[in-house]
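All values reported here derive from a predicted model rather than from experimental measurement.
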Amino acid sequence: LYILLIVFSLFITYSVFPLMNPGKIAAYYTNFLSYVSGNKSTTDYYAFFDKDVPEDYEVAAFLNLHLKKNDSIFLWGNSAQIYTLTNTLPPGRYAVAYHINSEAAFSETQEAIDLKKPRYIVIQPGIALPQLHLSAYSYLATIGATDIYERTY
């Protein structure tokens, strides 16, 4: 009876949402079942979604150990989920580096950093770092390939 109910539910779902890829859906469920059954580590589970996700979680865990209630961060990278994982918001209106691709957006971001003075600056690899004025920050740690700087004054 349960198998028939599952097959019927899948048929209805695929009929209502025909653009869904059953193979991709099956892969997500397989990943989840492997994880909850203990056949897959947490790192491997996260890596299924994107190779950078495990490092994003490590960076967020490190920051969460050090962040105080009203602290903020600035991420120079494209993993905006770090803001969510640390329960913080970007200092300006741009959450990821690829949005800061014009002189106006860069200037606005620098102003937001100067105004909000985030406690931590997180710099992810593979993204050219513009000439941000970060003299108030010193190197704190590297997690994977991500560098973390802390405000010193």
Side-chain angles (χ1 to χ4, degrees), residues 13-14 16-153:
T13 301
Y14 191 66
V16 174
F17 303 104
L19 297 177
M20 297 176 92
N21 180 339
K24 192 170 188 176
I25 293 169
Y28 278 95
Y29 281 105
T30 301
N31 183 51
F32 174 72
L33 291 173
S34 293
Y35 175 65
V36 298
S37 67
N39 294 326
K40 189 177 257 196
S41 70
T42 301
T43 301
D44 290 340
Y45 173 75
Y46 290 151
F48 168 85
F49 300 102
D50 183 279
K51 66 177 179 51
D52 296 328
V53 171
E55 187 171 308
D56 294 343
Y57 272 84
E58 285 183 58
V59 168
F62 176 86
L63 291 169
N64 284 330
L65 287 174
H66 295 87
L67 285 167
K68 293 181 176 61
K69 184 177 182 183
N70 293 319
D71 286 344
S72 62
I73 67 171
F74 171 69
L75 170 71
W76 183 256
N78 293 321
S79 296
Q81 60 269 21
I82 291 174
Y83 287 117
T84 301
L85 293 169
T86 58
N87 199 31
T88 60
L89 293 172
R93 66 178 168 155
Y94 301 105
V96 291
Y98 65 83
H99 286 159
I100 308 170
N101 59 4
S102 70
E103 183 61 35
F106 176 76
S107 295
E108 182 181 324
T109 299
Q110 182 66 63
E111 288 174 18
I113 291 170
D114 293 344
L115 179 67
K116 302 258 174 105
K117 297 176 175 42
R119 181 166 176 202
Y120 297 102
I121 302 285
V122 178
I123 301 175
Q124 293 186 302
I127 302 162
L129 183 63
Q131 293 301 312
L132 291 171
H133 303 290
L134 302 177
S135 59
Y137 293 85
S138 63
Y139 171 81
L140 178 64
T142 297
I143 297 173
T146 299
D147 293 326
I148 301 173
Y149 294 81
E150 183 175 24
R151 187 168 186 77
T152 55
Y153 58 89

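- Separation of atoms CD (E108) and CD1 (I113) is listed at 11.0 Å; rounding is to 0.5 Å.
- The structure places CG of D147 at 6.5 Å from CD1 of I123, a figure rounded to the nearest 0.5 Å.
- Aromatic ring centroids of Y120 and Y137 lie 6.0 Å or more apart.
- At a cut-off of 3.5 Å, with distance as the only test, a side-chain donor of S79 or D56 sits close to an acceptor on the other residue.
- When only modelled atom types and interatomic distance are considered, T88 and T86 share a side-chain donor-acceptor pair under 3.5 Å.
- Once rounded to the nearest 0.5 Å, the distance linking CZ of F74 with CD of Q110 reads 8.5 Å.
- F32 CZ: 12 or fewer foreign heavy atoms inside a 6.0 Å radius.
- When all heavy atoms of I148 and I143 are compared, the pair lying nearest together is CD1-CD1, 3.8 Å.
- Taking 4.5 Å as the limit, some side-chain heavy atom of W76 sits within range of a side-chain heavy atom of I100.
- In this structure, CD1 in I82 is found 6.0 Å from OG1 in T146, a value given to the nearest 0.5 Å.
- Side-chain contact between Y149 and S138: absent, with no pair of heavy atoms (C-beta onward) separated by less than 4.5 Å.
- When all heavy atoms are compared, the tightest approach of E150 to L140 is OE1-CD1, 3.8 Å.
- The shortest heavy-atom contact between D44 and N31 is O-OD1, 4.4 Å.
- The shortest heavy-atom contact between P118 and S72 is CA-OG, 3.1 Å.
- Annotation: the span from D50 atom CG to E55 atom CD amounts to 11.0 Å, rounded to 0.5 Å.
- The backbone N or O of P91 sits less than 3.5 Å from a side-chain atom of K116, completing a donor-acceptor pair.
- Considering all non-hydrogen atoms of both residues, S41 and Y35 come closest at O-CD1, 3.9 Å.
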Please assess R93 against H99 for the test side chain to side chain contact (heavy atoms under 4.5 Å, CB included), listing each intermediate value before the final yes or no. CA-CA 10 Å; R93 66 178 168 155; H99 286 159; over 6 Å; no
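- At distances below 3.5 Å, not a single donor-acceptor pair connects side-chain atoms of R119 with backbone N or O atoms of N70.
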Test ring pair (Phe, Tyr, Trp, His ring centres under 6.0 Å) applied to Y28 and F48, step by step: CA-CA 8 Å; Y28 278 95; F48 168 85; 5.2 Å; yes
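- Between L33 and S37 the shortest heavy-atom distance is O-OG, 2.8 Å.
- Between F49 and Y45, the ring planes are perpendicular. Angles over 60° get that label, and only those under 30° would be called parallel.
- Note: I121 CD1 to I73 CD1 = 9.0 Å, rounded to the nearest 0.5 Å.
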Go through the steps for L85 and Y57 under the test side chain to side chain contact (heavy atoms under 4.5 Å, CB included), then give the verdict. CA-CA 7 Å; L85 293 169; Y57 272 84; 3.7 Å; yes
